[in-house]
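In what follows, a single structure is set out as structure tokens and then discussed.
This one's a predicted model, so the numbers in the text were calculated from it and none came from an experiment.
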There are 2 protein chains.
Amino acid sequence: MTTSPGQTDQQSFHAVRDDFVRSWGALGTAWGINRTMAMIHALLMVSPEPLCTDEVMEALQISRGNANTNLRELVSWGLIHPEVKPGERKDYFVAEKDAWRIFCIVTRERKRRETEPALRVLNDCAARSEAFGTKEAETFHRQMAELAEFVELTNSIMERVARSERSQIVPRLLPLLK
Amino acid sequence: MTTSPGQTDQQSFHAVRDDFVRSWGALGTAWGINRTMAMIHALLMVSPEPLCTDEVMEALQISRGNANTNLRELVSWGLIHPEVKPGERKDYFVAEKDAWRIFCIVTRERKRRETEPALRVLNDCAARSEAFGTKEAETFHRQMAELAEFVELTNSIMERVARSERSQIVPRLLPLLK
DNA sequence: CACATGTTTCAGTATTTACTGAAAGTACAT
DNA sequence: ATGTACTTTCAGTAAATACTGAAACATGTG
């Protein structure tokens, strides 16, 4: 018995899609996002239909607790959102699929989790080292202040970019590429 | 017996510096950099003198193996570099202290570890889903291609920015802030 | 209310990641 | 070639992080 070409195609197409989900999970790790969260995101991005918790559990072979935690985390990021199907009680989840919007969300989240805490530390250390009068303290203070200023700048740029419409920002970035 | 003002100042200044090292370590975690690596980087950034492995071990209370691994990792990133003191055999380490250069190094490393692998995944999935002919595959292919194109753009921008002189790029970024 | 459906929590466990410290390795000096 | 100063490796262990699954909770419905 031979497999029909159609079936083969179907099978290998799904293999590609599964590979994407798996690879995105692995990438997640490098991005400081846990594997499961990244895989669920990938799964929903490429799913033509919204999926419920049980479908996600089934597709990724994960527990209910794990699915629930990561679905909620993705909702809190804004990368997916719950939808109710008429006549059904359970939530179905849909992913944001537009590259620019995903980029904005991730940028905003990174700003919140990475650059803002760094800025607080730097400003705090700069303030606390201001008035000692020793040369050592003065050097340290300058260093903190310089770093803070710089982080502040990147912070503002991230904020501004992530707030913009793609059509407004991308054309203004392109000249940077010379 | 009372503590002299000078001694108090000295003590609390060092407390600030130690806080910076600890906090930078904690931040490192959020940035996907291990705590020790971030702490060593912070320690060397605020150290007026180059430090050798034993001094780093002593200051952070860590083992030789740990110190060695993370010092080498920092050297490989380019965030610190070894120096030899005349007449001594051991390496002393100095941190890059300029905010812009640190930013460039981190950007380049993130590109290498985060966006480039993502691009490979996306291009690979796009290529492999090109020729199936089904509507499902076509949708998936478009999605991969769109994401790849976008990641490629951010990739190029990161590359370009990280290669530039601060004086060349910052003035061109400022207008983005409106 | 009793029941069904769906969601959340969390103690226990598994997996991953980081660290220790002693031993092996390297390389220069005498 | 032996000793000394320093660096690297790595097996074993510790710590951090993520996951499971069953029980508690919430929210309808008849």
Tell me what B/Asp91 touches on the nucleic acid: a base, only sugar-phosphate, or nothing, going by heavy atoms under 4.0 Å.
sugar-phosphate
Between A/Thr69 and A/Arg35, which is nearer to the 5' end of DNA chain C once each is assigned its nearest nucleotide?
A/Thr69
Taking the side chain of A/Arg72 as its heavy atoms from C-beta onward, which of D/dT8, D/dT27, C/dT8 lies nearest to it?
C/dT8
Give the rounded distance in Å between these two atoms: CD of B/Glu55 and C1' of D/dT7.
16 Å
Is there a path of hydrophobic side-chain contacts, each under 4.5 Å between heavy atoms, that joins B/Ile33 and B/Met158?
no
Return the nearest nucleotide to the side chain of A/Arg89; candidates are C/dC19, C/dT5, C/dA27.
C/dT5
So does A/Asn66 get a side-chain nitrogen or oxygen closer than 4.0 Å to the phosphate oxygens (OP1/OP2) of D/dG21?
no
On the nucleotide C/dC19, are OP1 or OP2 found under 4.0 Å from the side-chain N or O atoms that B/Asn34 carries?
yes
Could you tell me whether the side chains of B/Arg72 and B/Ser76 share a donor-acceptor contact shorter than 3.5 Å?
no
Of all the choices, D/dT17, C/dC19, D/dT9, which nucleotide is nearest to the side chain of B/Thr29 once you look at every atom?
D/dT17
B/Met57 CE - C/dG21 C1' separation (whole Å):
9 Å
Keeping B/Glu55 on the side-chain end and B/Cys52 on the backbone end, is there a donor-acceptor pair under 3.5 Å?
yes
Per nearest nucleotide of DNA chain C, the residue lying toward the 5' end, A/Glu88 or B/Thr36, is A/Glu88
Rounded to whole Å, CD1 of B/Ile33 lies from P of D/dA16 at a distance of 18 Å
Is the phosphate of D/dG21 approached by A/Asn68 (side-chain N or O, under 4.0 Å from OP1 or OP2)?
no
Ignoring hydrogens and geometry beyond distance, is the side chain of B/Arg64 in donor-acceptor contact with the base of D/dT7 at under 3.5 Å?
no
Is the shortest side-chain N to carboxylate O distance from A/Asp124 to A/Arg128 below 4.0 Å?
yes
